[in-house]
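See structure below.
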Amino acid sequence: MTTPYPFEDTEAFARGLDAEDPLRAFRDEFLFPKGPDGKPVVYLAGNSLGLQPRNAGRYIQEELEDWARLGVEGHHEGRHPWLHYHELVTEQAARLVGAKPLEVVVMNTLTVNLHLMMVSFYRPTKQRFKILMEGGAFPSDQYAVASQVRFHGYDVREAVLELKPRAGEETLRTEDILGMIDRHGHEVALVLLGSVNYLTGQAFDIPAITKAAHAKGCMVGFDLAHGAGNLKVSLHDDGPDFAVWCSYKYLNGGPGNLGGVFVHERHAHEKDLPRFEGWWGHDKKTRFQMGPTFEPLPGAEGWQLSNPPIFQLAALRASLELFDKATMAALRAKSERLTGYLEFLLDRLPPGFVSITTPRDVKQRGAQLSLRFKGEPQGMLKRLADAGIVCDFRKPDIIRAAPAPLYCNFTDVYRFVRTLEGHARD
Ligand SMILES: *Cc1c(COP(=O)(O)O)cnc(C)c1O
């Protein structure tokens with residue numbers, strides 16, 4: 001199933017699509033690095049580190065000023081009092097992933113949050129101690145899972161079940177994922193998948209996987225590192241028990257910025273759920289009585305440990321405001337066309353030069369296409385860099401190109417593929 005849009009392989013056509021793009025103004029809200037010619041680069045690496053929103057610096061500066069002006073009083077007297085600062089992003093983050101505000105909190109970083117969620121939702125027993133995950137998941141997820149398994153005293157080789165593509169195939173088939181859950185679900189404590197695989201760009205069917213896993217009595221979590229701000233997801237309705245994501249990829253929060261956590265409403269009031277506790281997860285009304293006994297806040301906020309870094313949150317506010325203005329529905333609509341245009345142009349390159357390993361089905365991918373090239377990559381990478389095109393390379397032979405719909409346009413995609421073509425024909 002390829003993309004349904006009628007496209008043309010000319011720069012004039014790409015410019016025409018840009019002119020009628022309802023989201024085109026958002027490009028001006030970002031700061032672009034400059035290429036060798038001094039002009040803004042074509043930035044296709046937003047799946048790795050998103051660009052800086054124009055307002056990020058101003059929002060951070062405001063908090064620096066309030067700190068200078070008010071010292072400790074900034075917690076209450078600042079323009080945006082720090083005591084409640086993280087709440088400024090909760091509703092936006094919830095809209096972004098299709099959740100209720102109660103179900104979402106912005107805190108920590110992704111791998112930390114993954115551990116905190118597994119503390120609560122990976123509760124192995126002798127009969128049911130396995131974790132089902134993607135083979136070749138992002139390394140941090142593999143390390144987190146393996147260390148949790150060992151922490152509970154199980155053997156990783158026995159306890160971690162990995163999903164692998166069929167021989168000769170690049171990506172997983174949904175039927176195979178569901179089949180694995182059906183066959184092994186009774187011994188699986190937790191099904192943990194990405195929403196989009198970082199390497200193949202494949203997006204998984206969150207509702208179908210969640211339903212199948214719950215039918216077998218498993219807990220279900222998703223890592224939305226490459227999904228948040230990329231796909232339109234509906235976590236509340238789809239019903240996984242938890243999800244985690246980072247904010248520096250499609251969400252443009254800046255390097256190392258705070259991640260997000262979703263805990264489904266059904267767990268919002270389970271006070272006895274084991275968790276690692278800290279004072280910021282304690283009931284707000286009585287937190288400053290400094291009592292000895294932990295009273296968790298209802299919902300995802302109850303998993304907070306520490307008071308959050310305000311400057312990071314300030315940068316994230318600048319980005320999430322833009323997502324709120326654009327809406328995920330409109331971004332996803334543009335993204336399907338933009339990535340579809342990339343696919344269309346790539347398919348017209350000389351045969352055998354490049355193959356797309358990401359699924360052709362629009363529903364099974366986000367913005368990113370993963371490209372496998374023939375030949376050694378160094379010449380190609382240099383050519384792209386010289387042309388002011390930023391994308392990334394994963395050993396041994398994959399180039400990942402992700403036109404983020406918030407700030408990339410059709411002309412960017414056109415320029416990228418023309419540069420590849422120059423290389424293909426040399
Ligand atoms: C980017 C990414 C991470 C990075 O984790 P941090 O804790 O934010 O450094 C982890 N898992 C996946 C799937 C990712 O794509």
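Predicted model only: the values in this text are computed from it and were never measured. Only heavy atoms go into these numbers, but all of them, side chains included; no hydrogens, no water, no symmetry mates. Counting starts at 1 for both ligands and their atoms, in listed order.
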For each nitrogen or oxygen atom of ligand 1, which protein N/O atoms lie closer than 3.5 Å, and how far apart are they, rounded to 0.1 Å?
| unit_1 | atom_1 | unit_2 | atom_2 | d |
| --- | --- | --- | --- | --- |
| ligand 1 | 5 (O) | T111 | OG1 | 3.4 |
| ligand 1 | 7 (O) | T111 | N | 2.9 |
| ligand 1 | 7 (O) | T111 | OG1 | 2.6 |
| ligand 1 | 8 (O) | Y248 | OH | 2.6 |
| ligand 1 | 9 (O) | Y248 | OH | 3.4 |
| ligand 1 | 11 (N) | D141 | OD1 | 2.6 |
| ligand 1 | 11 (N) | D223 | OD2 | 3.3 |
| ligand 1 | 15 (O) | H226 | NE2 | 3.2 |
| ligand 1 | 15 (O) | K249 | NZ | 2.5 |

Inset, instruction - Indicate whether any N or O donor in one side chain lies under 3.5 Å from an N or O acceptor in the other, for D241 and H214. - result: yes
Inset, instruction - Examine the side chains of T174 and D205 and answer whether a donor and an acceptor come within less than 3.5 Å of each other. - result: no
Legend entry - Qualifying residues under side chain to side chain contact (heavy atoms under 4.5 Å, CB included), relative to E170, sequence neighbours excluded: T357, R372
Inset, instruction - Apply side chain to side chain contact (heavy atoms under 4.5 Å, CB included) to D386 and list each qualifying residue two or more places apart in sequence or on a separate chain. - result: K382
Legend entry - salt bridge (Lys or Arg N to Asp or Glu O under 4.0 Å) partners of D238, counting only residues at least two apart: none
Legend entry - side-chain contact (heavy atoms from CB on, under 4.5 Å) assessment of N47 paired with N230: CA-CA 9 Å; N47 57 339; N230 179 18; over 6 Å; no
